[in-house]
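Once you've had a glance at the structure underneath, I'll fire off some questions.
One is the number of the first residue; the rest follow in order along the sequence. FYI, side chains are in, hydrogens and waters are out, and symmetry mates aren't considered; it's all heavy atoms of this structure. The structure displayed is predicted, hence computed values, not measured ones.
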Amino acid sequence: MKPHLQVVGAVVVQNGCVLAARRGESRYAYVAHKYEFAGGKIEAGETPEQALLRELAEELRADARVLGAYCTVTHEYPDFRITLHTYRCELFSPAVCTEHEQLSWLPLAALDAGEWAPADAPVVERLRREGTCGNTGK
C-alpha cells in the first residue's frame with residue numbers, strides 16, 4: 001500500500017497573479033521543476049492552518065494569515081497518494097525563496113496546469129476559471 005500524505009498549500013493571489021513555487025530536482029521526476037503552492041506536510045498534532053503558517057514561515061520566511069479553505073484534491077502518484085488541502089492566504093511580508101528553485105507571481109489568466117505538479121493542477125484550473133479566489137491582495 002502506498003503512503004498517503006496529508007499536505008497543505010497556500011493560494012496567495014495579489015494584483016491578478018498567484019504565487020507559484022517551482023520545485024528543484026526531485027527523486028520523483030514527475031514533480032521535478034514543476035510549480036506548486038507553497039506549503040508542506042501536516043505534522044502530528046497540527047491543524048492544517050497551523051501547518052500552513054509553519055510551512056510558510058519555514059519555506060518563504062513570510063508572515064501570513066489564513067483567510068479560508070479553498071479546495072481539497074486527492075491525487076495518486078506512482079509512489080504515494082497525496083491529499084492537498086489548499087487555503088487562501090495573505091502575506092504580510094515579502095516571500096523569500098529558500099527551498100525552491102524559483103518563486104514567481106504568475107498571471108491568473110495565463111496559468112498553465114501542465115507546468116504545475118499534478119496534484120496542484122486541479123487547483124490551478126479552478127483559479128484560472130474563476131479569475132480570482134477572493135484574495136485580491138493590496
Side-chain angles (χ1 to χ4, degrees):
M1 184 172 205
K2 294 179 186 179
H4 187 172
L5 306 175
Q6 297 288 325
V7 299
V8 288
V11 177
V12 181
V13 176
Q14 292 181 354
N15 303 317
C17 296
V18 66
L19 182 62
R22 188 188 297 268
R23 297 177 61 97
E25 283 297 322
S26 175
R27 65 181 178 176
Y28 305 114
Y30 43 84
V31 294
H33 307 289
K34 296 281 190 178
Y35 286 114
E36 66 181 2
F37 295 100
K41 294 178 191 165
I42 301 171
E43 302 292 342
E46 286 183 318
T47 66
E49 294 89 344
Q50 290 169 332
L52 188 52
L53 292 176
R54 176 185 51 76
E55 288 283 351
L56 293 175
E58 290 174 5
E59 284 186 10
L60 305 180
R61 305 282 187 257
D63 293 320
R65 176 174 65 160
V66 176
L67 300 174
Y70 187 61
C71 66
T72 299
V73 174
T74 298
H75 183 80
E76 189 155 338
Y77 287 110
D79 301 286
F80 57 93
R81 284 184 73 203
I82 187 172
T83 298
L84 169 63
H85 307 273
T86 60
Y87 290 82
R88 292 174 290 122
C89 294
E90 179 179 15
L91 299 183
F92 296 116
S93 59
V96 177
C97 189
T98 64
E99 294 186 18
H100 292 88
E101 184 174 87
Q102 174 186 355
L103 291 179
S104 300
W105 289 96
L106 303 178
L108 292 170
L111 290 177
D112 178 357
E115 295 179 351
W116 290 70
D120 296 66
V123 182
V124 170
E125 289 292 341
R126 178 176 170 185
L127 277 170
R128 195 172 54 133
R129 274 194 321 270
E130 293 177 354
T132 183
C133 68
N135 177 12
T136 57
K138 304 192 177 5

* Asked: Do side-chain atoms of Thr86 reach the backbone of Cys71 as a donor and acceptor pair under 3.5 angstrom?
  ->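 Here the side-chain-to-backbone pair exists.
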* **Ala62 to Pro94 - nearest heavy-atom pair and separation** =>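 Answer, listing the atom of Ala62 first, then Pro94: CB-O, 4.4 Å.
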Which pairs would a plain distance check flag for residues 42-49, meaning a side-chain donor or acceptor within less than 3.5 Å of a matching protein atom at least two apart in sequence or in another chain?
{"residue": "Glu46", "atom": "OE1", "partner": "Glu43", "partner atom": "N", "Å": "2.8"}
{"residue": "Glu46", "atom": "OE1", "partner": "Arg54", "partner atom": "NH2", "Å": "3.0"}
{"residue": "Glu46", "atom": "OE2", "partner": "Arg54", "partner atom": "NE", "Å": "2.5"}
{"residue": "Thr47", "atom": "OG1", "partner": "Gln50", "partner atom": "N", "Å": "3.0"}
{"residue": "Thr47", "atom": "OG1", "partner": "Gln50", "partner atom": "OE1", "Å": "3.4"}

* Tell me, with the steps shown, if His85 and Tyr87 meet ring-ring contact (aromatic ring centres under 6.0 Å, His included). => CA-CA 7 Å; His85 307 273; Tyr87 290 82; 7.2 Å; no
* **Minimum-distance pair of heavy atoms, taken over all atoms of Glu36 and Asp120** => CA-OD2, 3.5 Å
* To do: Name the orientation class of the two ring planes belonging to His75 and Tyr77 (parallel below 30°, tilted from 30 to 60°, perpendicular beyond 60°).
  => perpendicular
* Asked: Taking atom CG of Leu56 and atom CG of Leu19, what is their separation to the nearest 0.5 Å?
  ->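 Spacing of CG (Leu56) from CG (Leu19) equals 8.5 Å.
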* **Non-hydrogen atoms of Val96 and Leu103 that approach each other most closely** =>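 So the minimum-distance heavy-atom pair works out to C-CD1, 3.7 Å.
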* Chi angles and distances behind the side-chain contact (heavy atoms from CB on, under 4.5 Å) call for Phe37, Leu127 -> CA-CA 12 Å; Phe37 295 100; Leu127 277 170; 3.8 Å; yes
* Structure fact -> Scanning both residues in full, the closest heavy-atom pair of Ala119 with Val73 reads O-CG1, 3.5 Å
* **Rounded distance (nearest 0.5 Å) linking atom CZ of Arg23 with atom CD of Gln102** => 14.5 Å
* Structure fact -> Heavy atoms of Ala38 and Leu60 approach each other most closely as CB-CD1, 3.8 Å
* Asked: Where the side chain of Thr74 meets the backbone of Thr83, is there a donor-acceptor pair that is under 3.5 Å apart?
  -> no
* Asked: Can you find a heavy atom in the side chain of Tyr70 that is under 4.5 Å from one in the side chain of Val13?
  -> no
* Quick check: are there more than 12 heavy atoms from other residues, nucleotides or ligands sitting under 6.0 Å from NZ of Lys41? ->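 No, NZ of Lys41 has 12 or fewer neighbouring heavy atoms, counting only those of other groups under 6.0 Å.
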* Does one hydrophobic cluster hold both Phe80 and Leu84, with members joined at side-chain heavy-atom distances below 4.5 Å? ->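 Per the 4.5 Å side-chain linkage, Phe80 and Leu84 are co-clustered.
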* Does a side-chain heavy-atom distance below 4.5 Å link Val66 with Cys89? -> yes
* Spacing of Lys2 atom NZ and Arg81 atom CZ [to the nearest 0.5 Å] ->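 Rounded to the nearest 0.5 Å, the NZ-CZ separation comes to 9.0 Å.
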* Can you sort out the partners of Asp63 under side chain to side chain contact (heavy atoms under 4.5 Å, CB included), two or more places apart, ordered by chain and number? => Phe92, Ser93
* Asked: How many angstroms lie between NZ in Lys34 and CZ in Arg22, if you round to the nearest 0.5 Å?
  ->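 Separation between the atoms: 9.0 Å.
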* Asked: Rounded to the nearest 0.5 Å, what separation is found between the CD atom of Glu130 and the CD atom of Glu125?
  ->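 Reported to 0.5 Å precision, the distance equals 11.5 Å.
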* Asked: So which heavy atom on Ala32 is nearest to which on Ser26, and how close?
  ->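 Of all heavy-atom pairs spanning Ala32 and Ser26, the closest is CB-N, 3.9 Å.
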